[in-house]
Amino acid sequence: MTAAATPHPTVGRWAPSPTGDLHLGNLRTALLAWLFARSAGGRLWWRFEDLDGAVRPQFYDSQLRDCAALGLDWDGEPVSQSDRLDLYRDAISDLCRRGLTYECFCTRREIAEAAAAPHGPSPEGAYPGTCRRLTHAEREQRRAEGRPPALRLRVGTDGPEHTEVTVVDSQLGAYAGTVDDFVIQRGDGTPAYNLAVVVDDAAQGVDQVVRGDDLLPSTPRQVHLARLLGLDPPSYAHVPLVLGPEGRRLAKRDGAVTLRDRSALGETPIDIVNLLLRSLGLDPITRLDDLAETAQRFDPTTLPREPWVHEPPAESQ
Ligand code: GLU
């Protein structure tokens, strides 16, 4: 008997930032990341994206607990980006050695002003490459002023400071976006999100990224960076966000939006899973274990393409 070639199993991830309790929008994206991975018989890693200053220690556990309470599971132990700084530093050093980075001393305000300038070769919102053109003396002067530099990627090495990259998203189709000289290390020395996410996805063997579609505009940058680092970009499924009654992204101000809030109103985890399943056009379940069957029947092509507008229960407003 000849052994059939084992297809490469899907590897997904769920990468929340532990900055607060997960709300229905986050939980719905977590459920989708789980469904995409499990429906393909794949693995799902949990990765805390905790390089941000707004992280609070209590939310690591509360986020794990809330997802587990809804019947979601993941493989192995959760990892935290704050434990993986060496990986990011290696990638940054590699880019620096190859002459693909430069120091940027601009303040947020200077960047906003430069980006808003009426003419110039840069697309709207793109960093116009101000610090790329600093002379050695100017750079020395800024250092002496004590401005801690961020590190930016040098995108077009000898042409304009930006390029266009098209990514193909399984839910949204082709998306073309500008890749400018984006920050890969912040002024305080912390690796930037776009760098860390690319390094982590590759190091963890992730080949399927399922996340909120607010991150679609970052994707061309991430694909560009992955290619520069010689890494295979994953496939992408950007899923619609949950909006509050005013049409803005769901947030705490919208009332009872976390599992804790909903439990206080007497809702059970099954109620919440069913609310999320219905919002995705999927059949409700009677026991959390039934989610395994939901995964078996899961067909991403049937998912809604529009955001879900959620009206929190009146008692909570
Ligand atoms: N940490 C990001 C968030 O919580 C997700 C980043 C990603 O999935 O690439 O929105």
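A salt bridge links Asp73 with Arg38: the distance from a Lys NZ or Arg NE/NH1/NH2 to an Asp or Glu carboxylate oxygen falls below 4.0 Å. Under the 4.0 Å criterion applied to side-chain N and carboxylate O atoms, Glu110 and Arg108 are not assigned as salt-bridge partners. Classification of Glu140 and Arg143 as a salt-bridged pair holds, one side-chain N sitting under 4.0 Å from a carboxylate O. Between Arg287 and Asp290 there is a salt bridge, since a side-chain N of the basic residue sits under 4.0 Å from a carboxylate O of the acidic one.
At distances below 3.5 Å, at least one donor-acceptor pair connects side-chain atoms of Asp261 with backbone N or O atoms of Val257. One N or O on the side chain of Asp50 and one on the backbone of Ser82 form a donor-acceptor pair closer than 3.5 Å. With hydrogens and angles ignored, the 3.5 Å screen pairs no side-chain donor or acceptor of Asp201 with any backbone N or O of Val206. With hydrogens and angles ignored, the 3.5 Å screen pairs no side-chain donor or acceptor of Glu77 with any backbone N or O of Trp46. Without hydrogens or angle criteria, Asp181 side chain to Gly129 main chain gives no donor-acceptor distance under 3.5 Å. Arg84 places no side-chain N or O within 3.5 Å of a backbone atom of Ser80 that could act as its donor or acceptor partner. With Arg147 contributing its side chain and Arg142 its backbone, the two residues share no donor-acceptor pair below 3.5 Å. Remark: the backbone N or O of Tyr60 is not paired with any side-chain donor or acceptor of Gln63 at under 3.5 angstrom. For Trp45 (side chain) and Gln204 (main-chain N/O), a donor-acceptor pair under 3.5 Å exists by modelled atom type.
When side chains are defined from C-beta on, Asp254 counts as touching Pro245, because their heavy atoms get closer than 4.5 Å. Looking only at side-chain heavy atoms (C-beta outward), Gln222 and Tyr193 come within less than 4.5 Å of each other.
Counted within 6.0 Å of CZ on Arg109, heavy atoms from surrounding residues, nucleotides or ligands total 12 or fewer; the atom is thus considered open. Taking a 6.0 Å sphere around CZ of Arg249, one finds it holds 12 or fewer heavy atoms contributed by other residues, nucleotides or ligands. Counting non-hydrogen atoms of neighbouring residues, nucleotides and ligands closer than 6.0 angstrom, the CD atom of Glu306 reaches no more than 12 such neighbours.
In this structure, a donor-acceptor pair under 3.5 Å is absent between the side chains of Asp180 and Thr178.
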Report all side-chain donor-acceptor pairs from residues 227-237 shorter than 3.5 Å, counting only partners two or more places apart or in another chain.
from: Ser235; atom 1: OG; to: Asp207; atom 2: O; distance (Å): 3.0

Run the side-chain donor-acceptor check on residues 20-28: report pairs under 3.5 Å with partners two or more places apart or on a different chain.
from: Asp21; atom 1: OD1; to: Ser62; atom 2: OG; distance (Å): 2.9
from: Asp21; atom 1: OD2; to: Arg260; atom 2: NE; distance (Å): 3.4
from: Asp21; atom 1: OD2; to: Arg260; atom 2: NH2; distance (Å): 2.8
from: His23; atom 1: ND1; to: Gly25; atom 2: N; distance (Å): 2.9
from: His23; atom 1: ND1; to: Asn26; atom 2: N; distance (Å): 3.3
from: His23; atom 1: NE2; to: Leu250; atom 2: O; distance (Å): 3.3
from: Asn26; atom 1: OD1; to: His23; atom 2: N; distance (Å): 2.8
from: Arg28; atom 1: NE; to: Ser279; atom 2: OG; distance (Å): 2.7
from: Arg28; atom 1: NH1; to: Pro240; atom 2: O; distance (Å): 3.4
from: Arg28; atom 1: NH2; to: Ser279; atom 2: O; distance (Å): 3.2

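Evaluation of the salt bridge (charged side-chain N to carboxylate O under 4.0 Å, His left out) test over residues 263-283, restricted to residues two or more places apart or in two chains, returns Arg262-Glu267.
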Audit row: Asp200, Arg13, salt bridge (Lys or Arg N to Asp or Glu O under 4.0 Å) steps and yes/no: CA-CA 10 Å; Asp200 275 332; Arg13 60 24 167 221; over 6 Å; no
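Tyr175 approaches Pro220 most closely through the heavy-atom pair CE2-CG, 3.7 Å.
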